[in-house]
Amino acid sequence: MTDKLLLVDDEADVQYSFRRIFDSPEMELSTASSGEEALKTIPRLKPDLVLMDVRMGGMTGLETLRRIRQIDGKLPVIMMTAYGTTQTAIEAMKLGAYDYLLKPFDVPKLKEIVFGALKAARDMKRVVSYEPLLESEDYDIGVVGRSEPMQRVFKLVGQLAASDATALITGESGTGKELVARAIYHHSKRSQMPFLAINCAAIPENLLESELFGHERGAFTGAQNQRIGKFEQCNGGTIFLDEIGDMSLPTQTKILRVLQNGSFERVGGNQVVTVNVRVIAATNKPLEQAVAKKEFREDLFYRLNVVRIEIPPLRERKEDIRLLVNYFLRKFSQAQKQPPKSISPDALDFLEQYHWPGNVRELENVIQRATVITKGDVILPIDLPAEVLKAFPRAVEQTNQPAPSTAPPLTASPETDFTALSKTLFRWARLQKDLKIIPAVERELIINALAETKGNQVQAARLLGITRATLRKRVDKFKIKQELSVH
């Protein structure tokens, strides 16, 4: 996908320099020499990012910015000038600029800011639906589920979307907390304004405060230019603070001040900056315990915990697994521009028995892996990771559902992991009624067993828990000997 940049500057040298830096197969750069020309170009070009000079002939950059925000509140605009003043920077950010840069540019820094703005633009365009209908075609990525726990989440999202109340989303890693935050944003009154997500645990503590609130030039070693923080970039919109439980106490104090009166100072500065930002926070840590240990401010906790949404782990809503699998299969097929693959009922049974410590994120990774390694259009049990397959016998025991009397016992074996897994899979597969699936499973397991025993059919039959005569029939039926000889 090609990113579209619009450069608005009346200097030919600047236009030439930007073409040298950004024009590439992955990035399309267009130019406009005035604010008036830019306003005519934007509806036709639909750029992903605008970079605009403050001082131009005719309409000023700030006035053009004001008009752009009226046209499209989600379009990121980076303002540039060689005559920077504090007042101009503040005015630009108040009008909703994504960032404010001084000429001449440091090219690596310019690229970093541009790429960050493009990512923010893509994030803001992602439509998230909280309606649990997989069949809906009007969203690219959504929160999927029909289970009762997820229905409670959807109801809270709908109630929150109509207000500006602060929300705290809790749940284990991988449950989809950011998706829920985006759903709240997309259905809120601020949906036409920016949405920025910050992972507080992924940013070093000494940089997090600068990332959130910005810094003045010379505030610390390496601060060569003024930096506008995420709160200013997100003015009028919504900011999502993920893993807020990992934030230090001093930074928590500044967050509390923003929540109380919408003001803060940049690092190294003494001028008060005022913003209007909705805060949605998330954590996988029990904040009540952190408050009791004095590791998290009690007053900040109550400020954040106005409305709380608890996202259930996947193991508590296993009835959603089939829906999620179908959703991910469609998602990956669209990304690869290929017909969607299907999944066998047997493979789905394995997925539903697994305990999913990594939650929905782990399920997504498993399905993506399976679509890559499957040898056909149908995902079979053999295409699933070993940890999912090995969990099946334990799952049977935990659900207290005894295997049919004709089934071999699924007991632990002192043999190798391959041996135990092969026996379990082979014996289980023989009990299934889907005759289209059984041959594929049997054939793959027989090939693996013969490879493991270097072609010794007696040992291979023992590994699979069948007789040598049965193995010979299967080898002939599936023409495995011919294939092995070719390889």
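Residues take their numbers from the sequence shown, with the count starting at 1.
Considering every non-hydrogen atom in both Val388 and Phe350, the closest pair reads CG1-O, 4.0 Å. Across every non-hydrogen atom of Thr2 and Glu28, the tightest pair is CG2-N, 3.6 Å. For Lys285 against Asp246, the heavy-atom pair with the smallest separation is NZ-OD1, 2.7 Å. In this structure, Val378 and Thr374 approach most closely via the heavy-atom pair O-OG1, 3.0 Å. Residues Tyr185 and Thr238 approach most closely at CD1-OG1, 3.6 Å, considering heavy atoms.
For Glu319, the CD atom is densely surrounded, since the number of other residues' heavy atoms within 6.0 Å is greater than 12. Atom CZ of Phe220 sits in a crowded spot, with more than 12 heavy atoms from other residues, nucleotides or ligands closer than 6.0 Å. Atom CD of Gln224 sits in a sparse spot, with 12 or fewer heavy atoms from other residues, nucleotides or ligands closer than 6.0 Å.
Taking Phe301 as the reference, nothing meets the ring-ring contact (aromatic ring centres under 6.0 Å, His included) condition, with sequence neighbours excluded.
For the 3.5 Å distance criterion, the side chains of Tyr100 and Glu232 fail to qualify, holding no donor opposite an acceptor. Inspection of the Ser173 and Arg361 side chains reveals no N or O donor paired with an N or O acceptor under 3.5 Å. In this structure, a donor-acceptor pair under 3.5 Å is present between the side chains of Asn261 and Ser263. Remark: the Thr251 side chain and the Glu205 side chain contain an N/O donor-acceptor pair separated by less than 3.5 Å.
Put simply, the side chain of Lys331 does not reach to within 4.5 Å of the side chain of Gln368, judged on heavy atoms. With contacts defined as side-chain heavy-atom distances shorter than 4.5 Å, the pair Leu259/Leu304 qualifies.
Between atom CD1 of residue Ile311 and atom CZ of residue Arg317 there is a gap of 8.0 Å, rounded to the nearest 0.5 Å. Taken to the nearest 0.5 Å, the CZ atom of Arg190 stands 4.0 Å off from the CG atom of Asp164. With rounding to the nearest 0.5 angstrom, the CD atom of Gln70 is 10.0 Å from the CG atom of Leu95. Phe22 CZ to Leu29 CG: the interatomic distance, rounded to the nearest 0.5 Å, is 8.5 Å.
The pair Asp48-Lys119 fails the salt-bridge criterion, with no side-chain N (NZ, NE, NH1 or NH2) lying under 4.0 Å from an Asp/Glu carboxylate O. The pair Glu172-Arg315 meets the salt-bridge criterion, since a charged nitrogen lies less than 4.0 angstrom from a carboxylate oxygen. Of the charged side-chain nitrogens involved, none lies within less than 4.0 Å of a carboxylate oxygen, so that Glu352 and Lys318 do not count as a salt-bridged pair. Ion pairing between a basic and an acidic side chain is recognised when a charged N comes within 4.0 Å of a carboxylate O; Glu288 and Arg308 show such pairing. Salt bridge annotation for Arg227-Glu211: present, with a cationic side-chain nitrogen under 4.0 angstrom from a carboxylate oxygen. The residues Lys46 and Asp72 are annotated as not salt-bridged, no charged nitrogen and carboxylate oxygen being separated by less than 4.0 angstrom.
In this structure, Lys177 contributes its side chain and Gly171 its backbone to a donor-acceptor pair below 3.5 Å. Although no hydrogens or angles enter the test, the distance criterion places a donor-acceptor pair under 3.5 Å between the side chain of Asp320 and the main chain of Arg146. Using modelled atom types, one side-chain atom of Arg278 and one backbone atom of Ala165 make a donor-acceptor pair closer than 3.5 Å. Remark: side-chain polar atoms of Arg152 are not paired, donor with acceptor, to backbone N or O of Ile309 under 3.5 angstrom.
Classified by interplanar angle (parallel below 30°, tilted 30° to 60°, perpendicular above 60°), the ring pair Phe328/Phe332 is parallel.
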